[in-house]
Amino acid sequence: MKPAPFDYLRPATVADALAALAAGGDDARLIAGGQSLMPMLNMRLVTPRTLIDLSALPELRRVEVADGWLTVGAAVTQNELLARPTLATEAPLLAAALPWVGHFQTRNRGTVGGSVAHADPSAEIPLCLVALEGEVVLRSARKRRTVPASGFFIGPLTTARAADEIVEAVRFRLRKPGAAYGFREMGMRHGDFAITALAATVEADRIRLSVGGVADRPTARDWPRLEGAALDEALNAFAWDLGGDDDQHATATYRRTLVRRLGRAVIEDAQTELTP
Amino acid sequence: MTALAAGTRHPVTITLNGQPRTGHAHPRTLLSDFLRHELGAHSTRVGCEHGVCGACTVRIDGVAQRACLTLAVQVDGRRVDTVEGLAREGRMTALQDAFHRHHALQCGFCTAGILMSLADWLVRVPKPTEAELRDMLSGHLCRCTGYAAIVRAVMDVTGQTTESVHV
């Protein structure tokens, strides 16, 4: 199918984009890479009156490392971030998870900020943002504010972003000394939507497991360094708390099974890296 | 700020396979439709129109992307390469030659998109492993299921032999 008609705006600055967004109100949609929005436009699941294109804004295309944060401008593409030579040392979890985001061809256009703003519950980048206790920088014509990942994702395709705000940047915490990371995903094919995706952070005294594709948003849980039956029990309780729904891809029961099985596996992956 | 009204066809100029070309497009016109219907570049196939099948993959400023998930007005002033631009003076590229040699196409509907992906990807990954190649190919659907011959062709043209018993 083809999109319904819309006016197209390509602002030259973020300030212009914010003014256009404030004027457009609920009938305006922002587009960056469009790898989620364009299919929705083509299928007429969304029919905005105005499309505001952020993809060419130089202000949104910076990547910076400072003060313990990796700050990624919202219009940086997924493959541009993946190609960053220092990514594996700065954020090994992102380096492990990004190849699972869509396909080579969609990562060439899809953006880091767009994936976070879209907030698909099974998406890898929101999962990494929660796992790494990241932040989302939001900007409106009135002000700039920073929202922690734990408060940004509210539900399926629903975030704390207000109608007049754009996601300006996404901030991931840099690799912590003494921490190790693991990432696993189950999908029908590599590149398909994750049925369940899992990210583990293991430190000397802590395990953090983050899960996407089960609850209505990426969700993390922290434990001390549990092992054996205690870890199984913790994973089981987490799986039940996440719940999950039956859909055409998998049952909720299967998703919870993946949390128990792959949860243990991804934690062991990280532990092995920590104490080889 | 560029502002293009929904109901108007706007001029869009691209460098298509090295040649400047101008057509007109509504803001909602997809690049895939612009190439086919406005510029008559029919090699770019339209399959699923939601970015899954890969048939419409073209290179925009050298980077392989889905034409069905790109608006024509977004590529104004940019370089677009399609499979028509691969052969030079009637001679196919080594990659196309390998596809021919290995029968890496059956109906051919997916082929243009796969060749355009490979034209970008092989510059970044000149000696892919078979696993890396199969991962990249997961961004394309071949309904004839001719993947084995495609893998054979790419491993051949990159000077490697295939490892998998299934190939």
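Keep in mind that what you see is a predicted model, and the values were worked out from it rather than measured. Lettering of chains follows the sequences in order, A, B, ..., and the numbering in each one begins at 1.
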Exercise. More than 12 non-hydrogen atoms from neighbouring residues, nucleotides or ligands closer than 6.0 Å to CZ on B:Arg143, yes or no?
Worked result: no
Problem set entry | Interface moiety of A:Asp192 toward chain B, non-hydrogen atoms closer than 4.5 Å | neither
For this session: Please flag which part of B:Leu30 lies under 4.5 Å from any non-hydrogen atom of chain A: side chain, backbone, both or neither.
Result: side chain
Problem set entry | Within-4.5 Å side-chain heavy-atom neighbours: B:His50 and A:Met38 | no
Exercise. B:Ser138 versus chain A, heavy atoms under 4.5 Å apart: side chain, backbone, both or neither?
Worked result: both
Exercise. With only heavy atoms counted, which part of B:Thr8 is less than 4.5 Å from chain A, the side chain, the backbone, both or neither?
Worked result: neither
For this session: Under 4.5 Å heavy-atom distance to chain B, tell me which part of A:Ala20 shows up: side chain, backbone, both or neither.
Result: side chain
Problem set entry | side chain to side chain contact (heavy atoms under 4.5 Å, CB included) evaluation trace for B:His42 with B:Leu35 | CA-CA 7 Å; B:His42 295 124; B:Leu35 289 170; over 6 Å; no
Exercise. What residue in A:Arg189, A:His103, A:Gln105 has the most heavy-atom pairs under 4.5 Å with chain B?
Worked result: A:Gln105
Exercise. Any idea how A:Phe104 and B:Trp121 line up, ring-wise: parallel (<30°), tilted (30 to 60°), or perpendicular (>60°)?
Worked result: perpendicular
Exercise. Would you say the side chain of B:Ile14 lies within less than 4.5 Å of the side chain of B:Leu39, judging by non-hydrogen atoms?
Worked result: yes
Exercise. Using a cut-off of under 4.5 Å for heavy-atom pairs, which of B:Met136, B:His26, B:Gln74 has the most such pairs with chain A?
Worked result: B:Gln74
For this session: Below 4.5 Å from any heavy atom of chain B, which atoms of A:Thr50 appear? Answer side chain, backbone, both or neither.
Result: neither
Exercise. If we only count heavy atoms from C-beta on, is the B:Val125 to B:Glu132 side-chain gap below 4.5 Å?
Worked result: yes
For this session: Under 4.5 Å heavy-atom distance to chain B, tell me which part of A:Leu51 shows up: side chain, backbone, both or neither.
Result: side chain
For this session: Flag the pair B:Asp120 / A:Asn108 as yes when at least one side-chain heavy-atom distance between them is below 4.5 Å, and no otherwise.
Result: yes
Seminar exercise, completed: In terms of heavy-atom pairs under 4.5 Å with chain B, the winner among A:Asn42, A:Leu41, A:Ile31 is A:Asn42
Problem set entry | Toward chain B, the part of A:Asp53 with a non-hydrogen atom under 4.5 Å | side chain
Seminar exercise, completed: Looking only at B:Leu69, B:Val52, B:Leu4, most heavy-atom pairs under 4.5 Å shared with chain A are made by B:Leu69
Exercise. Taking atom CG of A:Asp26 as the centre, does the number of heavy atoms from other residues, nucleotides or ligands within less than 6.0 Å exceed 12?
Worked result: no
